Amino acid sequence: MAHRKLAIDGFDEEHQQIAQQMQYMSTKSDSEIMLMVDQKASAVRAAITRGNSMEALERALAEPPYGRGQEAAQSANALLVAEVLMATRTQDVNGVVGGLSEDDRDVLLKYIYHGLAHPAEFNCGVLLSWHERVVEAGGLGSIVRVMADRKIL
Amino acid sequence: MSILDEFIFPFCVTAHSFNHDRSQVALCPNSNEVQIYGRSGTQWTLLHVLKEHDLLVTSIDWAPRTNRIVTCSQDKNAYVWTLDAAGSEWKPTLVHLRVNRAATQARWSPLENKFAVASGDKCVAICYFGEGNDWWVSKHIKKPIASTVLCVDWHPNNVLLACGGADMKARVFSAFIKGVDEKPAASAWGERLPFSTLCGEFESPSCGWVHSVAFSPDGDSVAFVSHDSSITVATPAAGDVDVASVRSHYLPFTTLVWINSQTIVACGHDCSPMVYVRDGASWRLAKKLGENEKSRRSATASPSNSNSAFNLFRQMDSRNQPAKPSSASSAADGSLKSVHQNTITELHHDPSGNNPAEFSTSGLDGRLVLWAVQA
């Protein structure tokens, strides 16, 4: 496209409207989503102290705060998921991954990638070992779904 | 034994279409030409080269009964080619497509009196022959398509058309042309369907470009594969739509075909056809075709295969790697265990319609393979 001097789609107003429509926008308000994540936090931490990693993870993965503009809620939720991942004993990891539903597995992989993208705040070694297990269970298709999904975390 | 035949061409095959008895095949060798090869024994010989397009030919469809070929290209044109009376040359007829962006796929309708062309201009052009002007005219389906249309498929009743695109939705439209079509019987998709009526709109759970869409043989369901590595089947029934999605463990599929109403074959970036069967309300993977087919290794006499022991030790010397047992997806000489060595680009039924369990695939590795699915 080196010979093109004008980005012709930029002049098309309809195009910009459509591009916005394609982004996933949640129906809830920003504050509602943040509240939901905070409420999850106490239940998840309680489950971790009880030693029940499966329940803690399922709670942390439920109702993900999808959508553009939800970075704060997404970071908070991702840190919560990371707490559960680090608290799980190494011998329990396989069992937990095997017990997750397909939906939850895909959501977990999205959080893992979110964490890997922010190495300053997350323990990437733990994330990588979980990544290996989840991809063993879900195959390359689950990674493709993280990349392709409009519902971003 | 699921492979009937395998041929290797010295170029990437980005599109292919067989004639009615598979004695000839039209291919696009990843360029602006269409090459037609004829079968002579076990080899294919080049018979014709169709040179009219200026840019990459994106799709070829050979109508089995009327023996016409429609080609479309990124140069915003489509041509219908007919063989002249002497049978020695293919002559192009221009199609008045009126699209402002590339054409992505072209398919003849079941009765071969119309064809649909999907384009990057956010529309599907339905083309039929205008007797008055002696060329092919088009009508466009535009709303509510929001982005490039990547694939189209016709319903057996010659009126309904499924299309999927980069706006991540698969839709079913009516492509009824007054004067060319007769009113179709009422189906699960609706009745009284004027041109461009939207009969259904579907998306897969994680979205992703819809690469290929296909109606079931009876027309009651539509299946599509999208870039989120899933296959989705939608069946409208009594006012509601039953949508079943299967998430696959593999790389995204680029193309799919129905073998019968219980079996779908999909292939794509993972280089092997995967057979999915209906399992109650959902679908599951039944098998992967073409792995470890011993006969293929002897049939393809390529240099690396004939001396694999020699190569093994040569690798040990040059790469300082100890001899490893074959890993899960690649053999000792580094090639893939599947028949195709690169992405499968297109998948087509047997054009004569006599063998629903047979299909052909073409790939970026230059292979054209004929398969048969055992029941």
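Note that the structure is predicted; figures quoted are calculated from it, not measured.
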Who wins among Gly208(B), Cys207(B), Pro252(B), Ser248(B) for the most heavy-atom pairs under 4.5 Å with chain A?
->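 The answer is Ser248(B).
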
If you count every heavy atom of other residues, nucleotides or ligands that lies below 6.0 Å from [X] atom [atom1], does the total exceed 12?
{"X": "Lys142(B)", "atom1": "NZ", "value": "yes"}
{"X": "Arg284(B)", "atom1": "CZ", "value": "yes"}
{"X": "Trp209(B)", "atom1": "CH2", "value": "no"}

Okay, side chain of Arg145(A), backbone of Ser206(B): is any donor-acceptor separation there less than 3.5 Å?
->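 A pair under 3.5 Å: no.
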
Rounded to the nearest 0.5 Å, what's the gap from CZ on Arg247(B) to CG on Asp103(A)? Could you check?
->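 Output value for this atom pair is 4.0 Å.
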
Roughly how far, to the nearest 0.5 Å, is the OG atom of Ser229(B) from the CE atom of Met147(A)?
->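 The OG atom of Ser229(B) is 11.5 Å from CE of Met147(A), to the nearest 0.5 Å.
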
Is there any ring-ring contact (aromatic ring centres under 6.0 Å, His included) pair reaching into residues 122-145 of chain A, and which pairs are they, with sequence neighbours excluded?
->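 Listed by first then second residue: Tyr113(A)-His131(A).
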
Quick one: which of Ile143(A), Val144(A), Asp106(A) has the most heavy-atom pairs under 4.5 Å with chain B, could you say?
->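 Counting heavy-atom pairs under 4.5 Å, the top option is Val144(A).
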
Can you find a heavy atom in the side chain of His249(B) that is under 4.5 Å from one in the side chain of Ser142(A)?
->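 Of all side-chain heavy-atom pairs linking Ser142(A) with His249(B), none is under 4.5 Å.
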
So, Arg150(A) and Asp228(B), do they make that salt bridge, N to O below 4.0 Å?
->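 Between Asp228(B) and Arg150(A) there is no salt bridge, as every charged N stays at least 4.0 Å from the carboxylate O atoms.
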
Applying side chain to side chain donor-acceptor pair (under 3.5 Å), which residue pairs with at least one partner in residues 38-53 of chain A are found, sequence neighbours left out?
->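 Every side chain to side chain donor-acceptor pair (under 3.5 Å) pair that includes a residue of residues 38-53 of chain A, provided the two are not neighbours, is Lys40(A)-Asn77(A), Arg45(A)-Glu83(A), Arg50(A)-Glu55(A), Asn52(A)-Glu55(A).
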
